[in-house]
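Data first, discussion second: the structure below is written as structure tokens.
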Amino acid sequence: MKNMKMKNLLIAVLLYAGAADAQVKDYPIQPVTFTKVKLDDKFWSPRIETNRTVTIPASFARCENTGRVKNFEMAAARKGSFCTKFPFDDTDIYKTIEGASYSMAVHPDPKLAAYVDSLITIVGKAQEPDGYLYTARTIDPLHPHPWSGPERWVKENELSHELYDSGHMFEAASAHYLATGERNFLDIALKNADLLVKTFGPGKRHVAPGHEIVEMGLVRLYRITGKKDYLDLAKFFIDERGKRQYDKTANDEWKNGMYWQDNEPVVDQDEAEGHAVRAMYLYSGMADVAALTGDKQYIDAIDRIWNNMISKKIYVQGGIGAVPNGERFGADYELPNATAYNETCAAIGDVFWNQRMFLLHGDSKYIDVLEKVLYNGLISGVGLDGKSFFYTNAMQITDGFTHPAMEPTRSGWFECSCCPTNMVRFLPSLPGYIYAQKGNSIYVNLFIAGTANISLDNKNVKITQVNNYPWSGALSLDVEPQTPARFNVLVRIPGWSRAKAIPSDLYSFENKTPSNIIIKLNGRPVKYTIQNGYAVINNQWKKGDKITLNLPMDVKEVIANNAVKVDSNKVALQRGPIMYCGEWKDNSGKVSNVIIPRNTVFKPTYEGDLLNGVMVLKAEVLKRDSLYGKVKKAEFTAIPYYSWANRGKGEMMVWFPQSVNAKELVAK
């Protein structure tokens, strides 16, 4: 492994820092790279360690025993038959290498490094001489995968996933190079990227990629190499949308192009639409390109789309992509509970996008959404054991009705295993979302205990967070500059503590009174201004300075906009950033009979031996004794939504009715 200083410099390039040719334009705000942040908390550190010790090895093992590695071996030999189901199965190896690379960047592992190198060797041998790398065709070019088409690229606008595979390879190769300093995977990726530059562009082949991510991957390579061809090609792929002839009058989203985000040029789009994962990768790629080129039309478009999604198309626990048929966004306010899809990959993509929106605009509302997704609809996708997963994240599971697309239990793997391997690559990068900087300002976005070393105006600033978040809102931040210096520390005041359930009117708290938050510096109340949801503290900082504040974590009853008909007269529960659900295990085997009257008083109780340690909510509620029978008082326990389905199969509910019909009597 290369010199540590050089490695950290290179990783900074990976996470949005300027490319090798000293670009003039970039994100106005820069994140503090994850290698500069060392966690020391009880919530995220164990999860990242489980990812390192359990999820990454299990993912590699499943790539081996499901034939994904064999596909590359057969492609290298140029004989055999593609032996898995989907042409994008190559990406599971890429994503696991990416996650392993992030992990090795902060936790060197010679054995893992050697194994990853062995896989990279196999991948390199599967690559064709001109750079083409796609096992679904290379194994047997005369009989490619049915989705691939008879020739290269002819089905790329639909289902071939040739460019999707390339995009994930670019992301993985960038991560590997920047973590290790070794070029073996990067050179493979650059050879493929150069083929794309030769093949696509003005005067060459035109296509809008059927599944976005190549745009984000090309930007990564541009940041490393400074080769503008890669950035230009990313923009070209984005600008190709809306040019293909579809039946614009068709209600079918495949036929009218909406499924692919290809029904109109991106600068004219104003709704989150189509396949939710594709959409998140497109909007993230647009943000990257806009930051690097200054394209204001892109920014205006993703601003409009973000507002549409947040005000009309996101679930209360941060899930997106409501419709099982096409894994897609539905119409405005189409947020059914019984058939909620909420793919885990879409949640991860939503974090990618909201981070980029924050880097563009510096508004805390994007981190509010990111936090909601992160603590709820994203980590629900991986079991506490680190080796069981949800592809979809349901809003309710009942004995009476469960849609075939809904998963009542977790699985160890899927034929389409994009979600587990996406989780593998996301979790070790999480520390890079906590802090950001701009000029002489440091943003504190997430409250996760640990220490960060931040270079501000060529001076090192050490920030140490001590807290028990998300269970407690008592926060402490030690600010230690190398030498006394004046700068701003911007501490996010979460929307949920300001009586905002989400940055729109889609969901609201029944109690709309904001918390009274007092911020202290060295034990005394300090003057601050509120800017875009941040408490801005300007100070001549010195060693020993300490910021303290407490975010009251009252239990909030959440109600939905009247336009969300399925949630009418219903309530969901939130405490701090955590959304709650009721699960069968804690409630006599059933939760679909629970009624939570208005003004029910909940008692938060921490249970260290339950679900790896969680804060549960307990209250006296009402329960029906049968489908149409009387209701009676009963005890009820709610657990964090992310933790459900770790104790076997049974009912789960997020939204609960608040009242019973007038004809129903309460049994004594």
Side-chain angles (χ1 to χ4, degrees), residues 87-88 146-151 153-164 200 202 205-215 235-286 295 297-298 300-315 320-336 338-343 346 349-350 353 403-405 506 561 563-566:
F88 51 77
W147 289 7
S148 301
E151 300 173 1
W153 322 118
V154 295
K155 290 291 185 180
E156 171 51 39
N157 64 292
E158 298 175 359
L159 290 173
S160 79
H161 291 80
E162 287 156 286
L163 294 178
Y164 174 77
F200 299 98
R205 183 183 287 269
H206 288 242
V207 72
H211 195 314
E212 300 89 334
I213 204 175
V214 70
E215 304 84 356
K235 190 174 190 307
F236 174 82
F237 284 142
I238 294 170
D239 289 340
E240 280 299 294
R241 300 193 171 274
K243 295 182 179 180
R244 190 174 180 85
Q245 295 300 313
Y246 290 97
D247 181 0
K248 300 297 176 67
T249 64
N251 290 325
D252 187 318
E253 290 195 3
W254 280 271
K255 293 180 180 178
N256 65 25
M258 189 179 293
Y259 173 84
W260 326 93
Q261 297 80 43
D262 196 17
N263 52 311
E264 57 186 347
V266 295
V267 296
D268 295 332
Q269 296 184 23
D270 53 18
E271 291 190 32
E273 61 188 24
H275 188 275
V277 183
R278 286 170 162 86
M280 292 302 100
Y281 290 170
L282 171 62
Y283 309 149
S284 296
M286 288 173 66
D295 193 314
Q297 284 187 297
Y298 276 16
D300 289 344
I302 54 179
D303 283 350
R304 295 193 304 269
I305 294 166
W306 188 88
N307 286 329
N308 171 256
M309 184 181 79
I310 297 305
S311 62
K312 298 175 181 178
K313 295 185 178 182
I314 187 169
Y315 279 94
I320 55 172
V323 181
N325 180 22
E327 304 177 326
R328 59 185 173 83
F329 289 102
D332 289 350
Y333 303 112
E334 185 180 357
L335 295 164
T339 59
Y341 198 75
N342 291 336
E343 184 179 341
D350 202 8
W353 184 29
H403 189 274
L506 184 57
N561 187 296
V564 187
K565 301 300 184 184
V566 295

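Everything numeric in this text was worked out from a predicted model, so none of it was measured. In what follows, residues are counted from 1 in the order of the sequence shown. Worth knowing before you read on, the calculation uses all heavy atoms, side chains too, and leaves out hydrogens, waters and symmetry mates.
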Identified salt bridge (Lys or Arg N to Asp or Glu O under 4.0 Å) partner of K313 from the options E273, E334, E271: E271

Gap separating the [atom1] atom of [X] from the [atom2] atom of [Y], nearest 0.5 angstrom:
X: K243; Y: D262; atom1: NZ; atom2: CG; result: 10.5 Å
X: F237; Y: I213; atom1: CZ; atom2: CD1; result: 13.5 Å
X: E215; Y: L163; atom1: CD; atom2: CG; result: 8.0 Å
X: I302; Y: N307; atom1: CD1; atom2: CG; result: 11.0 Å
X: W260; Y: R328; atom1: CH2; atom2: CZ; result: 12.5 Å
X: S311; Y: Y333; atom1: OG; atom2: OH; result: 6.0 Å

Partner of K155 under side chain to side chain contact (heavy atoms under 4.5 Å, CB included), chosen from S148, S160, P146: S160

Matching residue for N308 among D332, D303, D270 - test: side chain to side chain contact (heavy atoms under 4.5 Å, CB included): D332

Can you give me the closest heavy-atom contact between [X] and [Y], atom names plus distance?
X: A301; Y: M286; answer: CB-CE, 4.1 Å
X: R278; Y: L159; answer: NH2-CD2, 4.3 Å
X: Y164; Y: E212; answer: CD1-O, 3.8 Å
X: K312; Y: L335; answer: O-CD1, 4.0 Å
X: M309; Y: I320; answer: SD-CG2, 4.0 Å
X: V267; Y: Y298; answer: CG1-CD1, 3.9 Å

Other residues, nucleotides, ligands: >12 heavy atoms within 6.0 Å of K248 NZ: yes

Give the ring-plane orientation class for [X] versus [Y], where under 30° counts as parallel, over 60° as perpendicular and anything between as tilted.
X: H206; Y: F236; value: perpendicular
X: Y281; Y: H211; value: tilted
X: F88; Y: H161; value: tilted

Can any side-chain N or O of [X] pair as donor or acceptor with the backbone N or O of [Y] at less than 3.5 Å?
X: R244; Y: V207; answer: no
X: E162; Y: W153; answer: yes
X: N256; Y: A250; answer: yes
X: R205; Y: V154; answer: no

Heavy-atom side-chain contact between V564 and Y315 under 4.5 Å: no

side-chain hydrogen bond (donor to acceptor under 3.5 Å, both in side chains) between D350 and Y283, intermediate numbers included: CA-CA 9 Å; D350 202 8; Y283 309 149; over 6 Å; no

Derivation and outcome, side chain to side chain contact (heavy atoms under 4.5 Å, CB included), residues Q269 and I305: CA-CA 7 Å; Q269 296 184 23; I305 294 166; 4.1 Å; yes

